[in-house]
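Within every chain, numbering begins at 1; the chains are lettered A, B, ... in the order of the sequence lines, protein sequences first and strands thereafter.
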Amino acid sequence: MPRVRLVTWNVNSVRKRLPQVLRLLEETAPDVLCLQETKVTDALFPAAALAEMGYPHQARYGMPGYNGVAIVSRRPLAGVRRHDVLGRPDARLILAQVPDLDLDVHCLYVPAGGDVPDPETNPRFADKLAFLDALAEWYAAWFGRIDRIVLCGDVNVAPLPRDVWDHRRLSRVVTHTPVEIDRLARLRSSLLWVDAVRDLTPDDEPVFTWWSYRAGDWRTANKGRRLDHVWVTPPLAPALAGYAVLTEARDWRPPSDHAPLLVTLDLDRAGAE
DNA sequence: ATGTCGGATGCGATCCGA
């Protein structure tokens with residue numbers, strides 16, 4: 001079986017960013033692309049343009065204006081399923097099987113959590129914590145079935161000190177507070193998920209996938225955070241072969257504030273399902 | 001507190017969410 005390439009990207013509107021998405025597909029030729037913040041209803045999703053580029057297999061879960069996730073693939077998808085975390089239909093998680101690869105792909109967009117890292121005064125932050133708790137519980141109920149799952153998405157948490165440009169300063173900033181890091185760790189424990197990037201890179205090496213629009217020269221300032229993650233279940237850990245943050249895409253005008261994350265799997269080295 | 005995006009509303013400028 002050849003190497004498998006997966007890319008995940010928070011596009012911040014798939015319609016606004018369609019030329020950049022097509023360029024990404026052309027230049028990186030992934031088997032599967034996971035998109036977050038598509039910000040489009042399913043009826044208006046640019047299905048034909050992506051199909052024309054060689055990606056006719058698409059699972060999408062959109063809503064007007066906000067959120068929205070999609071999995072687009074060169075290989076057939078099966079068993080497409082949406083999951084409403086906390087019972088809310090807000091287009092944040094979609095699941096699909098890739099039968100050719102004997103793999104499940106999950107595409108996730110975790111709530112950002114607002115500006116104030118206090119669940120007492122900021123309902124958005126409380127909601128983010130509740131979302132992570134509910135998702136952890138949901139996955140924990142799968143435990144025992146040893147599946148080959150790849151979870152891709154914008155988890156809106158940068159867990160390690162070197163996942164942000166300034167650990168001390170950002171410890172009081174939403175995305176890097178201890179309480180969020182604790183909740184993300186619980187989610188990771190739910191299925192013993194392996195964080196692909198940190199499995200392939202020492203923890204003390206800075207890795208970022210997001211740079212705010214508000215910093216003038218993002219590359220020079222480099223005030224980034226690693227908000228976008230690819231996690232795999234234990235049978236896939238031996239298959240992890242490489243990753244790349246495609247920072248060049250952060251400059252494709254008009255840019256998303258996230259860079260795509262590419263992960264390569266060598267499925268010959270994976271465990272069985 | 002600020003900075004800059006994208007979408008929705010409703011048709012212009014403002015609000016929400018990020």
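No contact: P255(A) has no heavy atom under 4.0 Å from any strand.
Nearest-nucleotide positions on DNA chain B for D154(A) and V14(A) put V14(A) closer to the 5' end. With the nearest nucleotide of DNA chain B identified for both N67(A) and Y213(A), Y213(A) has the one nearer the 5' end.
Residue R124(A) has its side chain nearest to dG17(B) when only dA8(B), dG17(B), dG3(B) are considered. Candidate nucleotides dG7(B), dA8(B), dA18(B) were compared by shortest atom distance to the side chain of R214(A), and dA18(B) ranks first.
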Side-chain donor-acceptor pairs under 3.5 Å in residues 122-134 of chain A, sequence neighbours left out?
from	atom 1	to	atom 2	distance (Å)
N122(A)	OD1	R124(A)	N	2.9
N122(A)	OD1	F125(A)	N	3.4
N122(A)	ND2	G113(A)	O	3.0
N122(A)	ND2	V116(A)	O	2.8
D127(A)	OD1	R88(A)	NH1	2.5
D127(A)	OD1	R88(A)	NH2	3.2
D127(A)	OD2	R88(A)	NH2	3.3
K128(A)	NZ	A112(A)	O	3.0
K128(A)	NZ	N156(A)	O	2.6
K128(A)	NZ	E180(A)	OE2	2.6
D133(A)	OD1	R183(A)	NE	2.8
D133(A)	OD2	R183(A)	NE	3.0
D133(A)	OD2	R183(A)	NH2	3.3

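Rounded to a whole angstrom, the distance from the P atom of dC16(B) to that of dG10(B) is 14 Å. Atom name P, nucleotides dT14(B) and dG3(B): the rounded distance is 15 Å, in whole Å. Between dA1(B) and dG6(B), the two C1' atoms lie 23 Å apart (nearest whole Å). When the C1' atom is used for both dG12(B) and dG7(B), the distance is 15 Å, rounded to whole Å.
Rounding to whole angstrom units, NZ of residue K39(A) and P of dG17(B) are separated by 12 Å. Distance, W210(A) CH2 to dG3(B) P: 16 Å, rounded to whole Å. Counting to the nearest Å, the P atom of dA18(B) and the NZ atom of K16(A) are 20 Å from each other. Per the geometry, OH belonging to Y109(A) stands 12 Å off C1' belonging to dG6(B), to the nearest Å. Separating the CZ atom of R88(A) from the P atom of dG17(B) is a distance of 12 Å, rounded to the nearest angstrom. The CD atom of E37(A) sits 11 Å away from the C1' atom of dG7(B) (whole-angstrom rounding). Rounded to whole Å, the distance from CG on N12(A) to C1' on dC16(B) is 13 Å. The distance between atom CG of L35(A) and atom P of dG6(B), rounded to the nearest whole Å, is 16 Å.
The salt bridge (charged side-chain N to carboxylate O under 4.0 Å, His left out) analysis of residues 5-20 of chain A, with sequence neighbours excluded, yields no pairs.
Scanning all heavy atoms of the two residues, the minimum distance from W9(A) to A259(A) falls at CD1-C, 3.6 Å. Here the shortest heavy-atom pairing between V155(A) and L108(A) reads CG1-CD2, 4.1 Å.
Separation of the H106(A) and W142(A) ring centroids falls under the 6.0 Å cut-off.
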